> 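If you scroll down you'll find the structure; I have some questions about it.
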Amino acid sequence: MNGRARGLRNLRAVLAPVAAGMCVMAAAAAVLVPALGSDEGNDERGGGASSPSATHRAYGPGSAPAAPAAAGCTADHAAASLRPSSGGGPAVDRIKEKGQLVVGVDQNTYRWGYRNPATGKLEGFDIDLARAIAADILGPDAKVVFKAVPTNQRIPALQKRAVDMVVRTMTINCARKRQVAFSTSYFQAGQQVLAPKTSTVKAFDGSLRGKRVCTAAGSTGESELAAQRHGARVLTVPSQLDCLVRLQLGQADAVVTDNALAAAQAAQDPTVELKGEPFTDESYGVAMNKDDTDLVRRVNKVLDDYRGDGSPGSPWMRAYRTWLRADMPGISGPPSPEYSD
């Protein structure tokens with residue numbers, strides 16, 4: 001078997017929830033796509049240079065720098081956003097003039113945003129939502145340019161206007177709201193530990209002492225580990241999928257990430273499992289440039305339509321059944337929106 005055929009065989013492993021750990025590791029490497037940076041990209045391609053190399057650093061509680069919280073934002077109401085509007089404004093008009101919506105996404109996360117090797121198309125819960133937003137602003141034949149954005153580059157990409165929005169399992173919190181704007185919440189998750197089934201790690205607790213714990217740079221998991229690492233040594237990487245690969249290679253002992261992402265990784269590798277219970281509340285939102293208030297209101301209008309009445313026939317519930325129910329059963333509907341004005 002030549003190298004190309006071997007790569008295709010490994011690539012298909014991404015779609016098999018029962019794939020063996022090492023096959024998934026090879027598949028993960030195969031589906032990694034260029035990161036933000038190039039001016040290439042269309043509705044089926046991301047653009048850019050390779051993702052930056054992983055960084056390794058250990059830190060104690062409180063030693064990692066933290067962004068200041070947004071004025072007036074409180075943890076209990078961090079997910080509150082601007083009321084929806086179907087109107088336009090400078091940001092919406094700019095998108096219409098370009099004739100395309102540029103969206104920062106993750107193209108490596110099974111179930112949420114990944115390239116289906118059988119079709120070459122981007123698929124997942126976040127991808128469906130991004131397409132729905134584009135269709136509302138630009139019409140049914142909307143052109144969407146997907147850009148692969150590493151976790152720690154989501155905010156810079158928005159601030160530099162390299163993308164119009166980020167739809168990438170991005171948790172809403174007060175520190176981030178000082179730097180970018182968010183829609184209302186479209187999914188509720190929580191931080192949790194992922195580790196091999198045979199591991200002595202039990203949860204986000206003292207069982208992590210002395211362990212190498214992997215998380216993505218710029219993620220909520222990194223912030224939680226900075227506040228309390230339970231004696232663990234922290235390894236940061238550009239993407240959460242890199243953590244699964246390092247777990248498979250024996251370079252990490254556990255992963256701290258959103259349980260929604262951890263469940264997708266466990267679906268890819270049957271040798272790992274979620275440990276303990278979620279220890280935070282994570283509300284995912286669509287992130288935009290802080291000045292694009294008209295776009296925030298328009299996206300919130302799309303989200304209202306997308307949630308519908310929470311019935312089985314609503315777009316949100318259809319997307320949930322397609323992408324998430326197999327790994328995250330029991331969710332009865334989308335989170336309710338909260339507004340700040």
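Since the structure is predicted, the reported quantities are computational estimates derived from the model, not experimental observations. For this chain, numbers begin at 1 and follow the sequence in order.
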> When you measure from the side chain of Lys290 to the backbone of Lys177, do you find a donor-acceptor pair of N or O atoms at a distance under 3.5 Å?
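Answer holds: yes.
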
> Under the salt bridge (charged side-chain N to carboxylate O under 4.0 Å, His left out) criterion, do Arg233 and Asp253 qualify, and how do the steps go?
CA-CA 10 Å; Arg233 182 161 63 89; Asp253 302 305; over 6 Å; no

> Any donor and acceptor pair, going by atom type alone, linking the side chain of Arg176 with main-chain N or O of Thr171 inside 3.5 Å?
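At least one qualifying donor-acceptor pair exists.
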
> Go through the structure and list residues passing side chain to side chain donor-acceptor pair (under 3.5 Å) with Ser81, not counting sequence neighbours.
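If we apply the side chain to side chain donor-acceptor pair (under 3.5 Å) test to Ser81, skipping adjacent residues, the hits are Asn300.
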
> Please state whether the rings of Tyr114 and Tyr110 are parallel, tilted or perpendicular, taking 30° and 60° as the class boundaries.
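Ring orientation of Tyr114 relative to Tyr110: perpendicular.
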
> Distance check, rounded to the nearest 0.5 Å: Asp93 atom CG versus Asp294 atom CG?
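Atom-to-atom, Asp93:CG and Asp294:CG are 7.0 Å apart.
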
> Would a 4.5 Å heavy-atom cut-off, applied to side chains only, mark Asp164 and Lys98 as touching?
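A side-chain contact under 4.5 Å exists here.
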
> Return the CG to OG distance between Leu303 and Ser185, rounded to the nearest 0.5 Å.
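It comes to 9.0 Å.
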
> Of all residues at least two apart in sequence or in a different chain, which pass the salt bridge (Lys or Arg N to Asp or Glu O under 4.0 Å) check with Lys202?
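Here no residue qualifies.
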
> Do Asp205 and Phe279 have side-chain heavy atoms sitting under 4.5 Å apart?
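Counting from C-beta outward, Asp205 and Phe279 never come under 4.5 Å.
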
> Examine distances only and state if a side-chain atom of Arg229 and a backbone atom of Leu225 form a donor-acceptor pair shorter than 3.5 Å.
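Checked: no pair found.
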
> So which pairs with a foot in residues 213-262 pass ring-ring contact (aromatic ring centres under 6.0 Å, His included), sequence neighbours left out?
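Pairs touching residues 213-262 that pass the test: Phe204-His230.
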
> Please report the closest heavy-atom contact between Ser239 and Asn108, naming both atoms and the distance.
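Closest approach of Ser239 to Asn108, heavy atoms only: OG-ND2, 4.2 Å.
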
> Anything under 30° is parallel, anything over 60° is perpendicular, the rest tilted; go ahead and classify Trp112 against Tyr284.
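Trp112 and Tyr284: perpendicular rings.
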
> Val163 versus Leu158: any side-chain heavy-atom pair under 4.5 Å?
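Side chain of Val163 against side chain of Leu158, heavy atoms only: contact under 4.5 Å found.
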
> Which pair of heavy atoms, one from Asp136 and one from Lys301, lies closest together, and at what distance?
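Result for this residue pair: OD1-NZ, 2.8 Å.
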
> Which residues satisfy the salt bridge (Lys or Arg N to Asp or Glu O under 4.0 Å) test with Asp76, sequence neighbours excluded?
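Salt bridge (Lys or Arg N to Asp or Glu O under 4.0 Å) list for Asp76, sorted by chain: empty.
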
> How far apart are the closest heavy atoms of Ala78 and Ile172, and which atoms are they?
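Distance-wise, the nearest heavy atoms are O-CG2, 3.2 Å.
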
> Is there a donor-acceptor contact under 3.5 Å linking the side chains of Tyr186 and Asp126?
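Asp126 and Tyr186 do have a side-chain donor-acceptor pair below 3.5 Å.
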
> With no hydrogens and no angle check, just 3.5 Å: does a side-chain donor-acceptor pair link Thr220 and Glu282?
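Their side chains do contain a donor-acceptor pair, which is all the 3.5 Å distance test asks for.
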
> Is any side-chain heavy atom of Thr169 closer than 4.5 Å to a side-chain heavy atom of Phe125?
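Side-chain contact under 4.5 Å: no.
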
> Do Gln159 and Asn289 have side-chain N/O donor and acceptor atoms under 3.5 Å apart?
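No.
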
> Per the ring-ring contact (aromatic ring centres under 6.0 Å, His included) rule, what does the pair list look like for residues 154-183, sequence neighbours excluded?
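Residue pairs with at least one partner in residues 154-183: there are none.
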
> Which heavy atom in Pro270 sits nearest to a heavy atom in Gln268, and how many Å separate them?
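So the minimum-distance heavy-atom pair works out to CD-O, 3.9 Å.
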
> Can a donor-acceptor pair be found between the side chains of Ser311 and Asp309 at a distance below 3.5 Å?
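Per modelled atom types, Ser311 and Asp309 side chains form a pair under 3.5 Å.
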
> Looking at every heavy atom in both Ala260 and Met328, which two are closest together, and how far apart are they?
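In terms of heavy atoms, the two residues are closest at CA-SD, 3.5 Å.
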
> Indicate yes or no: at least one non-hydrogen side-chain atom of Thr271 is less than 4.5 angstrom from one of Gln248.
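When only atoms from C-beta onward are counted, Gln248 and Thr271 do not touch, as no gap falls below 4.5 Å.
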
> Looking only at heavy atoms, which two atoms of Trp316 and Ile331 are closest? And how far apart?
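The pair with the smallest heavy-atom distance is CH2-CG2, 3.9 Å.
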
> Could you tell me if the side chain of Val102 sits less than 4.5 Å from the side chain of Lys147, heavy atoms only?
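SC-SC contact between Lys147 and Val102 confirmed.
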
> Between Lys275 and Pro196, is there a donor-acceptor pair closer than 3.5 Å when you use the side chain of the first and the backbone of the second?
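It does hold such a pair.
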
> Can you tell if the side chain of Thr257 reaches within under 4.5 Å of the side chain of Gln192, non-hydrogen atoms only?
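Side-chain contact under 4.5 Å: no.
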
> Does a side-chain heavy-atom distance below 4.5 Å link Thr215 with Thr236?
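When only atoms from C-beta onward are counted, Thr236 and Thr215 do touch, with a gap below 4.5 Å.
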
> Provide the full list of side-chain hydrogen bond (donor to acceptor under 3.5 Å, both in side chains) pairs with a residue in residues 331-341, sequence neighbours left out, each pair given once.
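Pairs touching residues 331-341 that pass the test: His77-Glu338, Arg297-Asp341, Asp304-Tyr339.
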
